[in-house]
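Reading through the structure tokens given below for one structure.
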Amino acid sequence: MYSIDAIVGPYRAAELVNAYKQRLQSQDCLPDKAALAVACTAYAFHDIYVLASPGQMWESAVATGTGEKERVSIVDKFYDHTAGHCVRTLTSCGIYETVSLDTLAEMYYLYSWAEE
């Protein structure tokens, strides 16, 4: 397992944890301390809900018929009342798709981190 701290650095790690904490407070009505505890634990276990963010490139876990693995970039991260937590991705063919975070975690691997 890779060290996420070495990849993102302490400032970006704090941004990711705080952003997730704020979502937990607003969407799940968790109090501040509980939201922070959940966010820190999720970060420590590389939870997709914390780590997925715009600008990242994700690679399909399964190769296509040509033997290549599809790569998608995350354009946006949002909550949909029907589908839940999602990302909008852009394929190499220029097609935008909405993918749930659970599907992203099951079907893709993080290929490259967003450049700041």
Side-chain angles (χ1 to χ4, degrees):
M1 175 84 41
Y2 57 89
S3 169
I4 195 68
D5 294 324
I7 295 171
V8 301
Y11 297 110
R12 182 67 178 134
E15 289 174 349
L16 291 168
V17 169
N18 283 323
Y20 189 50
K21 180 189 93 165
Q22 290 171 357
R23 287 193 304 274
L24 289 168
Q25 288 177 296
S26 67
Q27 294 173 3
D28 298 327
C29 301
L30 289 181
D32 187 62
K33 287 184 180 180
L36 181 60
V38 170
C40 287
T41 300
Y43 176 83
F45 286 96
H46 304 176
D47 190 287
I48 191 80
Y49 288 84
V50 179
L51 297 181
S53 60
Q56 294 171 338
M57 184 74 65
W58 289 72
E59 184 174 72
S60 173
V62 179
T64 64
T66 62
E68 295 183 20
K69 292 188 176 184
E70 179 186 29
R71 291 187 188 144
V72 297
S73 61
I74 296 179
V75 176
D76 189 23
K77 185 176 175 180
F78 61 95
Y79 181 79
D80 179 85
H81 291 287
T82 304
H85 297 277
C86 298
V87 290
R88 185 165 291 106
T89 62
L90 178 61
T91 68
S92 58
C93 298
I95 299 170
Y96 289 93
E97 297 178 330
T98 297
V99 179
S100 75
L101 287 181
D102 292 332
T103 300
L104 187 71
E106 291 173 15
M107 304 294 293
Y108 292 86
Y109 294 103
L110 181 59
Y111 181 77
S112 66
W113 196 263
E115 304 227 358
E116 305 266 340

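Enclosure of atom CZ in Phe78 by more than 12 non-hydrogen atoms of other residues, nucleotides or ligands within 6.0 angstrom is indicated. Heavy-atom neighbours of Met107 CE from other residues, nucleotides or ligands within 6.0 Å: at or below the threshold of 12. More than 12 non-hydrogen atoms from other residues, nucleotides or ligands lie less than 6.0 angstrom from OH of Tyr79. Annotation for Glu97: atom CD counts as buried by contact number, over 12 foreign heavy atoms lying within 6.0 Å.
When atom types are taken as modelled, the side chain of Arg23 and the backbone of Tyr49 share a donor-acceptor pair closer than 3.5 angstrom.
Nearest heavy-atom pair, Ala35 versus Gln25, reported as atom, atom and distance to 0.1 Å: CB-CG, 3.6 Å. In terms of heavy-atom proximity, Ala39 sits nearest to Val50 at O-CG2, 4.3 Å. Of all heavy-atom pairs spanning Ser100 and Ala83, the tightest one is CB-O, 4.4 Å.
Taking hydrophobic clusters as Ile, Leu, Val, Met, Phe, Trp and Tyr residues chained together by side-chain heavy-atom distances below 4.5 Å, Leu101 shares a cluster with Trp113. A single hydrophobic cluster is seen to contain both Leu30 and Leu16, as judged by linkage of ILVMFWY side chains at heavy-atom distances under 4.5 Å, directly or through other members.
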Quiz prompt | Stepwise side chain to side chain contact (heavy atoms under 4.5 Å, CB included) check, Thr41 with Asp47 | solution = CA-CA 9 Å; Thr41 300; Asp47 190 287; over 6 Å; no
Exercise. Kindly determine whether Leu24 and Tyr20 satisfy side chain to side chain contact (heavy atoms under 4.5 Å, CB included), including the steps that lead there.
Key: CA-CA 6 Å; Leu24 289 168; Tyr20 189 50; 3.7 Å; yes
Self-check item: Ser92 and Glu68: CA distance, side-chain angles, deciding distance, side chain to side chain contact (heavy atoms under 4.5 Å, CB included) verdict
Solution: CA-CA 12 Å; Ser92 58; Glu68 295 183 20; over 6 Å; no
Practice problem: Determine, step by step, whether Leu110 and Leu51 satisfy the side chain to side chain contact (heavy atoms under 4.5 Å, CB included) criterion, reporting the C-alpha distance in whole Å, the side-chain angles of both residues, the deciding distance to 0.1 Å, and the verdict. | Solution: CA-CA 9 Å; Leu110 181 59; Leu51 297 181; 5.8 Å; no
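For the pair Asp32 and Lys21, the minimum side-chain heavy-atom distance is below 4.5 Å. Looking only at side-chain heavy atoms (C-beta outward), His85 and Ile48 stay at 4.5 Å or farther from each other. Between Asp80 and Thr98 there is no side-chain heavy-atom pair separated by less than 4.5 Å.
Between the OG atom of Ser53 and the CD atom of Glu15 there is a distance of 9.5 Å, given to the nearest 0.5 Å. Remark: Tyr43 OH to Asn18 CG distance equals 12.0 Å, nearest 0.5 Å.
For the side chain to side chain contact (heavy atoms under 4.5 Å, CB included) criterion with Trp58, the lone passing option out of Ile74, Val99, Thr89 is Ile74. Each of Gln56, Arg71, Lys69, Glu59 was scored for a side-chain hydrogen bond (donor to acceptor under 3.5 Å, both in side chains) with Tyr111, with one residue passing: Arg71.
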